[in-house]
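Sequence lines set the chain letters: A, B, ... in the order given, protein chains first and strands last, and positions in each chain run from 1.
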Amino acid sequence: MEERYDFKVIERKWRLRWDEADIYASRGEEGATERYILVMFPYPSGPAHIGHVANYNLGDVLARYMRRKGVNVLHPMGWDGFGLPAENAAIRSGVHPAEYTWKNIALLKEGLKRLGYSYDWSRELATCSPDYYRWTQWLFLKFYEKGLAYKTRAWANWCPSCRTVLANEQVIDGLCERCDSVVEQKALNQWFFRITDYAERLLEDMGKLSGWPESVLTMQRNWIGRSEGCEVAFRIKETGREIPVFTTRPDTLWGVTFFLLAPEHPLVDEIIAGTPYEEDVKEFRERLSGVSDMERTAMEAEKDGAFLGTHAVNPVNGEEVPVWTANFVLMEYGTGAVMAVPAHDQRDFEFARKYDLPVRVVIQPPDTALEPESMTEAYVEPGSMINSGEFNGLDSERGRLEDIPDLLGERGWGERTVNYRLRDWLISRQRYWGAPIPVVYCPKCGTVPVPEEDLPVLLPEDVEFEFEGPSPLERSDGFRRTGCPRCGGEAERETDTMDTFVDSSWYYMRFACPGDDEAALDEEEVSYWLPVDQYIGGIEHAILHLLYSRFFTKVLKDLDLVDFDEPFTNLLCQGMVVMGGAKMSKSKGNVITPDQFIESYGADTLRLFILFLGPPEADKEWSESGIDGAHRFLHRVWRLVDRYLGVLTFKTQPVPEESESLKILSHLTHKTVKKVTEDIERFAFNTAIAAIMEFTNGLYRVMEETRGAFNTLEGHEAIRSLVLLLAPFAPFIAEELWDELGGDFSVHQRPWPEYDPLLARAERITMVAQVNGKVRDRIEVGADIPEEEMERLALASPRIRKNLEGKAVSKVIVVPGKLVNIVAR
RNA sequence: GCCCGGGUGGUGGAACCGGUAGACACAAGGGACUUAAAAUCCCUCGGGGAGACCCGUGCGGGUUCGAAUCCCGCCCCGGGCACCA
């Protein structure tokens, strides 16, 4: 055996052996259970960085562990290939997005391979490959057939000087990142997926997601934002036109003193056209350009608005109230209109104060009487209804939930309804590097979906990339001009591509049958592997990606393409590796690559070090101090095994005079196997590694005290267990040591070690004696000491007795096997 | 702003269900070995105190025999906010 731990030689050697022997291929063997372990696939923005290592370590440890528990494991890897950065690179440096992307995929793949991850590479896929996006397009057609894809006008960020649509990321403080022009909102006809049709099921089925972190479920629940209330029809006095509003507070209907429309509301233009108010409203809208929804609706935001010169009629009392437009009313929420009740809504209150609009109290708190003049903020709690005609004196909660909705229904003024904060999913992108939306517009036949047999609609190669002006697809005549699939006449293709979230909403299913060119999904394969048993990914995906994937799964279930309705049974959200307090990302320029560390320490050290940094869920501030420690530890293991290698190849012989050492060895071994197994099961990889370190330290201690203790069955078991336990964390060195120990190839295919609970259990424990909750003594006792004996020992302790002087014992609390607390006054 | 997390030694973290705060490491200091260095090994390592002990898990309160852990209020940091992925 080599004296030195030559990680470079070892890692090169085993990487090749594993490839040749194809030991990580997923096999659907009969009889065994299957587990699908998946880490969110990466966007290939460049070579691997430390954040990737932190992510993919987790899946790899789990996959390696599960395989050795005798489970059929699917652990694949692929690439989220489409996206904005590739297109930006094309604009900047003239490199085609495909070239940029495939080059980065190659870099990233090599990086992951160097780290020794146990992927089944035969299932590799890339969303930007025509074999894949063909099926993304096919799924779009299925959505379209089901009425779940539709086109409508929607707002997009628009830079007037570059004449181009901007992503939110390209808008910096309301300005174009390129030319600093103020970004406007432009209405475009765009494609949507009707995710709101699934709002209720997305909420309900969260009950099935007991394997998800509660925080993620809460975030999704809040995102969907279900609220029960009423839709009430107000009427424009001057035109008679009805405008519905959504309210969760029908009990405050009598307190409406004005009416608000979103600035983008189509009726606003209709109302002000040709009136003296047109100018004011235009100025107001001007002030809003470049201001995000978030800023507009912030509680602190200065209320801003304009009178529209018209009035709305309140159905419950026939009152005519002025109609305004206001910055905090959003077109996307509810109906884009608000019945303003300044006395009982804070934003309405501030608006009323600013524009000197009337405030009328209709809910009276139980203890005081509110006066509009003296109010400094809105009263939003329940109370009793006043100034509300026949409902005066009614409990407002009852009014809100029962009497008023009933009244609205009976009189035909409105109805109970449920409103969601969730909006339909805008999937249109006016960009090149995405899956083209497979639709053709024919002057005669209208919107015609591309026939399935004509898929994929390929991205044209000969296009030019410029920041300014329309997207490359729109400018490509060769792409745009086509024949109508229905009538054969001249027609135009849709030039929008799909949001990359569409690609990533179904990739985990495609891993079951990545090469299938007959269908998007192979029924048998998908049904065998899916749903994903353990999904792992960054908390930053808690809402969008995970919600879209859940939505896709439900649609595919309804289309009878899959037999499950939730895609991810268990979810582990890991924290981010941050640097200087910010998420590591290429756009922030704070990326650290693993290569330099692999070069000087080896992949095993880097894997171990990052896993040892802390629990998966926690954010980790990157610092390389400590990596020496991880390396030193592997060296220590190396030397330990090295030193005893000779011994282990001889026959074992009993060492009766050293039986105490053997007992310690057995205990250490079984205790560690138990601890590491339990820690892996709960994803506590950092403490699993700490346990292996302690085990190693313990073995050194035994070795120093009792030479020859390893020349026994117990000694062999200890050394073997050490290597077997280390294998999922540091696969290369473990393979090498296993090989040197004479074990059969591969250590990664050996069964996971079992432990004997009796041997794992400590014989002696330290019992704590407290007085009034403060530790006063520690007493070593047998592990199975009875409670009465614990109490007796504690009370007999001289230190305890000293502390009890002059006090009367009122109570003694005994926690079996742990502590005794004596309560004394 | 809203929603979701987090805050423990000089540092990363441990303490899993309310029961010994600081496991395991890093850094630092001291020592052994060495001509020397590296490597390795040993010791010290939250603060105060000679000690008995006292203080200590972002801050202020509370519940409890007992709180890093539960509750209320506050401060700070991170993630998401629908076209970054």
Could you give the [atom1]-to-[atom2] distance, from [X] to [N], as a whole number of Å?
X	N	atom1	atom2	answer
A/Tyr420	B/C81	OH	C1'	21 Å
A/Arg639	B/A39	CZ	C1'	8 Å
A/Phe597	B/C26	CZ	C1'	15 Å
A/Arg799	B/C53	CZ	C1'	10 Å
A/Leu640	B/C41	CG	P	11 Å
A/Asn803	B/C65	CG	C1'	15 Å
A/Asn157	B/C84	CG	C1'	13 Å
A/Tyr700	B/C41	OH	C1'	11 Å

Just call it for A/Asn697: base, sugar-phosphate, or nothing, with non-hydrogen atoms closer than 4.0 Å on any strand. sugar-phosphate

Reckon A/Ser428 touches a base, only the sugar-phosphate, or nothing at all at heavy-atom distances under 4.0 Å? base

Each nucleotide N or O in nucleotides 45-51 of chain B that has a protein N or O under 3.5 Å away: list the pair and distance.
none

[X] side-chain proximity, nearest of [options]:
X	options	result
A/Arg682	B/G78, B/A15, B/A85	B/A15
A/Met693	B/G13, B/C41, B/A25	B/A25
A/Leu422	B/A52, B/A82, B/C65	B/A82
A/Glu540	B/C54, B/G79, B/C65	B/G79
A/Arg776	B/C65, B/C53, B/A14	B/C53
A/Met576	B/G78, B/A23, B/G12	B/G78

With rounding to the closest Å, how many angstrom separate the [atom1] atoms on [N] and [M]?
N	M	atom1	value
B/A52	B/C45	P	14 Å
B/G56	B/C2	C1'	36 Å
B/C72	B/G6	P	14 Å
B/U11	B/U20	P	23 Å
B/G12	B/G73	C1'	31 Å

Please report the C-alpha distance between A/Tyr601 and A/Phe609 in whole Å, then the side-chain angles of each, then the deciding distance to 0.1 Å, and finally whether the ring pair (Phe, Tyr, Trp, His ring centres under 6.0 Å) criterion is met. CA-CA 10 Å; A/Tyr601 296 96; A/Phe609 168 62; 8.5 Å; no

Which pair of non-hydrogen atoms, one from A/Leu804 and one from A/Ala824, has the smallest distance, and what is that distance? CD2-CB, 3.7 Å

Using every non-hydrogen atom in the two residues, find where A/Thr127 and A/Tyr133 come nearest and quote the distance to one decimal. O-CB, 3.6 Å

B/C17, syn or anti by chi within 90 degrees of zero: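 It is syn.
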
Name the orientation of the base relative to the sugar in B/G6: syn if the glycosidic angle is within 90° of 0, else anti.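 Base orientation relative to the sugar is anti.
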
From CA spacing to verdict: side chain to side chain donor-acceptor pair (under 3.5 Å), A/Asn419, A/Ser227: CA-CA 5 Å; A/Asn419 190 54; A/Ser227 56; 4.7 Å; no

Six-ring centre of A/Phe729, A/Arg607 cation under 6.0 angstrom, axis tolerance 45°: no

For nucleotides 2-11 of chain B, give me one character per nucleotide, 5' to 3': B if any protein heavy atom sits under 4.0 Å from the base, S if the only such contacts are to the sugar-phosphate, - if neither. -SSS------

Do any side-chain nitrogens or oxygens of [X] fall under 4.0 Å of OP1 or OP2 in [N]?
X	N	result
A/Arg636	B/C41	yes
A/Arg632	B/C26	yes
A/Lys303	B/G1	no
A/Arg701	B/C41	no

Donor-acceptor pair (no angle test) under 3.5 Å: A/Gln190 side chain, B/C83 base: yes

Between the side-chain atoms of A/Glu678 and the base atoms of B/C16, is any donor-acceptor pair under 3.5 Å? no

What verdict does the side chain to side chain donor-acceptor pair (under 3.5 Å) test give for A/Trp191 and A/Glu494, after you've listed the backbone C-alpha separation in whole Å, the side-chain angles of each residue and the deciding distance to 0.1 Å? CA-CA 10 Å; A/Trp191 285 95; A/Glu494 169 65 65; 2.9 Å; yes

Got a donor-acceptor contact below 3.5 angstrom from the [X] side chain to the [Y] backbone?
X	Y	value
A/Glu791	A/Val812	no
A/Arg550	A/Leu202	yes
A/Thr164	A/Gly469	yes

Can A/Tyr132 and A/Trp506 be said to form a side chain to side chain donor-acceptor pair (under 3.5 Å), step by step? CA-CA 10 Å; A/Tyr132 184 90; A/Trp506 74 284; 3.1 Å; yes

Bracket notation of RNA chain B in which parentheses pair within the strand, [ ] cross earlier pairs, and | pairs with another strand (Watson-Crick or G-U, under 3.5 Å): (((((((..(((......[....))).(((((.......))))).(((....)))..(((((..]....))))))))))))....

Let me spell it out: for each of A/Phe82 and A/Thr687, pick the nucleotide of RNA chain B with the closest heavy atom. Which residue's pick is nearer the 5' end? A/Thr687

Using the 3.5 Å cut-off, write out each protein N or O paired with an N or O of nucleotides 19-22 of chain B and the distance between them.
from, atom 1, to, atom 2, distance (Å)
B/G19, N2, A/Asn821, ND2, 3.3
B/U20, O2, A/Arg778, NE, 2.7
B/U20, O2, A/Arg778, NH2, 3.2

Does A/Asp628 form a salt bridge (Lys or Arg N to Asp or Glu O under 4.0 Å) with A/Arg632? I'd like the steps, not just the answer. CA-CA 6 Å; A/Asp628 284 313; A/Arg632 269 204 288 270; 5.6 Å; no

Taking salt bridge (Lys or Arg N to Asp or Glu O under 4.0 Å) as the cut-off, I'd like each qualifying pair that reaches into residues 495-505 of chain A, sequence neighbours left out, listed once.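 Residue pairs with at least one partner in residues 495-505 of chain A: A/Arg429-A/Asp499.
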
Any pair counted as salt bridge (Lys or Arg N to Asp or Glu O under 4.0 Å), so long as it reaches residues 288-297 of chain A, sequence neighbours left out: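 Residue pairs with at least one partner in residues 288-297 of chain A: A/Glu264-A/Arg296.
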
Between A/Thr101 and A/Trp433, do the side chains contain an N or O donor and an N or O acceptor separated by less than 3.5 Å? yes

A/Arg421 and A/Asn222: side-chain donor and acceptor closer than 3.5 Å? no

Should A/Asp80 and A/Ser504 be marked as a side chain to side chain donor-acceptor pair (under 3.5 Å) after you check the CA-CA gap, both sets of side-chain angles, and the distance that decides it? CA-CA 7 Å; A/Asp80 192 8; A/Ser504 58; 4.6 Å; no

Looking at A/Lys807, I'd like to know if its NZ atom is crowded, meaning that more than 12 non-hydrogen atoms belonging to other residues, nucleotides or ligands lie closer than 6.0 Å.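 Yes.
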
